[in-house]
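So the structure is just underneath, and the comments pick up after that.
Just so you know, ligand 1 is whichever comes first in the structure, and atom 1 is the first atom listed for that ligand.
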Amino acid sequence: MIETMTAAFLPGDSTVELRTVPVPAPGHGEVLLRMKASTICGSDIRCIYHEHLGKGPEGYQGVIAGHEPCGQIVARGEGCRRFKTGDRVIVYHISGCGVCNDCRRGYMISCTSEKFRRAYGWQRDGGMAEYMVAEEKDLIALPDELSFADGAQVACGFGTVYEGLTKIGIDGNHAVLITGLGPVGLATGALCRKLGANKIIGIDVVPERMKIALDLGVCDAVLASGPDNVAQVREMTGGFGVERAVDCSAHHAARATAIRATRKWGKIVFIGEGGTVEMNPSPDMIHDQKTLYGSWVTSTWLMEELVERLVRWSLHPADIITHRFPLERAGEAYALMASGKCGKVAVCADEELV
Ligand SMILES: NC(=O)c1ccc[n+]([C@@H]2O[C@H](COP(=O)([O-])OP(=O)(O)OC[C@H]3O[C@@H](n4cnc5c(N)ncnc54)[C@H](O)[C@@H]3O)[C@@H](O)[C@H]2O)c1
Ligand SMILES: [Zn+2]
Ligand SMILES: [Zn+2]
């Protein structure tokens, strides 16, 4: 076994620092993973890459970056109960205490233990390295039909979106509006298709992203963000508006569009994080009997359900990856994701680097 490895850190000045560090040893109940795919999230750019802006659960503590890890177990510590060497696994990216009420519901994202809640890539070492230690209780088995790059997409983005869509419910009666067509918005389109949505409309400001959404077939129509969006969406939906809307932009104007372009009795979910929104509760929500949900990541059990469904649907989340880089070029990978002129950006190794 080699003793040192390369790992990527984010100093917070729009650069990536590669350092040589010891290969970690798995402790009790932990495994050592050979990293195969680690993807970059909008949250990494928003809270860490340009500047260390995140607070609390989004506070970056100078650890190895990357909260969307997927790899293969190469060693186990004492006391592991289910997974073994050779298993292919996704890391649910927040390690909780395991015994608070939220952890017991599987929502380790909401763990209330200040001492034990630590997210990979934020407060404990993440996936942008050759190897990574993870707790066995945070692992989701990756089915043979899915690639490691598919799995990395589930660790945050697809898992998050599946949770949000489960809250609002999507079926064949629904026209869906997606505001923001970054990787999370693209994942929303891909999942809405498989859930049977009747019409999927996307909005973004970056022409490259609008084109990717159409090229991938995850939206039926795309609109450039602007003040006419509500009228345009109504026109595309018989004058009514959409039954369901998902904000994946975090932009205040796009959030207001998502609310206002939703028809009576419709449901909206906010996934994009940070920022604000302004609306007029009576005309925008109350008089039209609408429901607005917030949704934060997902649970371990829903993530397991999602990977099962992905196989059933033959849906490969890696299809929204437009660029793959080796770890040595992680700097280019983050810079590209920060530019927005891409779909999902992945740092990969071995068979995933093709
Ligand atoms: N709720 C959660 O649990 C959770 C989990 C993961 C990511 N997120 C958040 O979801 C959001 C999306 O993540 P991502 O990785 O796709 O990030 P991203 O930054 O790549 O995507 C955001 C997209 O919104 C677009 N946008 C900006 N202003 C807009 C406007 N006015 N109208 C329409 N589109 C606009 C951007 O051009 C971009 O394509 C981020 O805010 C991220 O932090 C939330
Ligand atoms: Zn994320
Ligand atoms: Zn907990």
By the definition side chain to side chain contact (heavy atoms under 4.5 Å, CB included), identify the one residue from L165, L177, V161, I200 that meets it with V246.
L165

Identify the protein heavy atom lying closest to atom 25 (C) of ligand 1, giving its residue, its atom name and the separation to 0.1 Å.
D204 OD2, 3.3 Å

Identity of the nearest option to atom 40 (C) of ligand 1, non-hydrogen atoms only, from H67, E273, K341, E163:
E273

From the candidates S249, G185, A258, the one that places a heavy atom nearest atom 35 (C) of ligand 1:
S249

Geometric N/O contact P183 with ligand 1, under 3.5 angstrom
yes

N, O or S atoms of the protein lying under 2.8 Å from the Zn ion (ligand 2):
C41 SG, H67 NE2, C156 SG

Return the closest protein heavy atom for atom 20 (O) of ligand 1 as residue, atom name and distance.
R209 NH1, 2.8 Å

Taking 4.0 angstrom as the limit, do R193 and D220 come out as a salt bridge?
yes

Around atom 44 (C) of ligand 1, find the nearest protein heavy atom and jot down its residue, atom name and distance.
I271 O, 3.0 Å

Does one side chain, of R244 or N173, offer a donor that lies under 3.5 Å from an acceptor on the other?
no

Verify whether one side chain among K137 and S95 offers a donor that lies under 3.5 Å from an acceptor in the other.
yes

of all protein heavy atoms, closest to atom 14 (P) of ligand 1 is V184 CG2, 3.7 Å

Run the side-chain hydrogen bond (donor to acceptor under 3.5 Å, both in side chains) test against Q153 and tell me which residues pass, sequence neighbours left out.
none

Give me the residue, atom name and distance of the protein heavy atom closest to atom 10 (O) of ligand 1.
G272 CA, 3.5 Å

Closest to atom 30 (C) of ligand 1 among S225, A213, G180 (heavy-atom distance):
S225

Need one value: angle at the Zn ion (ligand 3), C100 atom SG versus C103 atom SG, rounded to 10 degrees.
110°

Check ligand 1 against A250 and write out every atom of the ligand that is under 4.0 Å from a heavy-atom position of the residue.
41 (O)

Any K344 heavy atom less than 4.0 Å to ligand 1:
no

Under the ring-ring contact (aromatic ring centres under 6.0 Å, His included) definition, can you give me all pairs with a residue in residues 46-66, not counting sequence neighbours?
Y49-Y334, H52-Y60

Are more than 12 heavy atoms, taken from residues, nucleotides or ligands other than Q289, located less than 6.0 Å from that residue's CD atom?
yes

Cationic tip of R234 above F240 ring, under 6.0 Å, 45° of axis:
no

Taking only heavy atoms of V206, which atoms of ligand 1 are found under 4.0 Å from at least one of them?
37 (O)

Please work out which of A254, A224, S295 has its closest non-hydrogen atom nearest to atom 1 (N) of ligand 1.
S295

Should one rank I203, T39, L181 by closest heavy-atom distance to atom 33 (C) of ligand 1, which comes out on top?
I203

Min over H251, H93, R46 of heavy-atom distance to atom 28 (N) of ligand 1 lands on H251

Nearest neighbour in protein (non-hydrogen) for atom 42 (C) of ligand 1:
S43 OG, 3.6 Å

Please check if the side chain of R81 supplies one atom and the backbone of E136 the other of a donor-acceptor pair under 3.5 Å.
no

Atom 22 (C) of ligand 1: nearest protein contact (heavy atom, Å):
C248 O, 3.6 Å

I'd like to know whether ligand 1 has A253 as a neighbour, heavy-atom separation below 4.0 Å.
no

Just wondering, are more than 12 heavy atoms of other shown residues or ligands nearer than 6.0 Å to NZ in K167?
yes

Is NZ or CZ of R19 both nearer than 6.0 Å to the six-membered ring centre of F9 and within 45° of the ring axis?
yes

Numbered in order shown, the ligand 1 atoms found under 4.0 Å of a heavy atom of M337 are 15 (O), 20 (O)

Under 4.0 Å between a Lys/Arg side-chain N and an Asp/Glu carboxylate O for R324 and E352?
yes

Can you pull out the closest protein heavy atom to atom 19 (O) of ligand 1? Residue, atom name and distance to 0.1 Å, please.
G42 CA, 4.3 Å

Quick note on ligand 1: atoms under 4.0 Å from a heavy atom of V297 include exactly 2 (C), 3 (O)

Any luck finding a side-chain donor-acceptor pair between K290 and T262 under 3.5 Å?
no

Got a sec, which residues hit salt bridge (charged side-chain N to carboxylate O under 4.0 Å, His left out) with K36, two or more places apart in sequence or on another chain?
D350, E351

Please confirm whether R255 makes a cation-pi placement over F270, using NZ or CZ under 6.0 Å from the six-membered ring centre and within 45° of the ring normal.
yes

Would you call K84 and D87 a salt bridge, taking side-chain N to carboxylate O under 4.0 Å as the test?
yes

Angular separation of SG (C111) and SG (C97) seen from the Zn ion (ligand 3), to 10°:
110°

Heavy atoms of P183 and I320 approach each other most closely as O-CD1, 3.5 Å

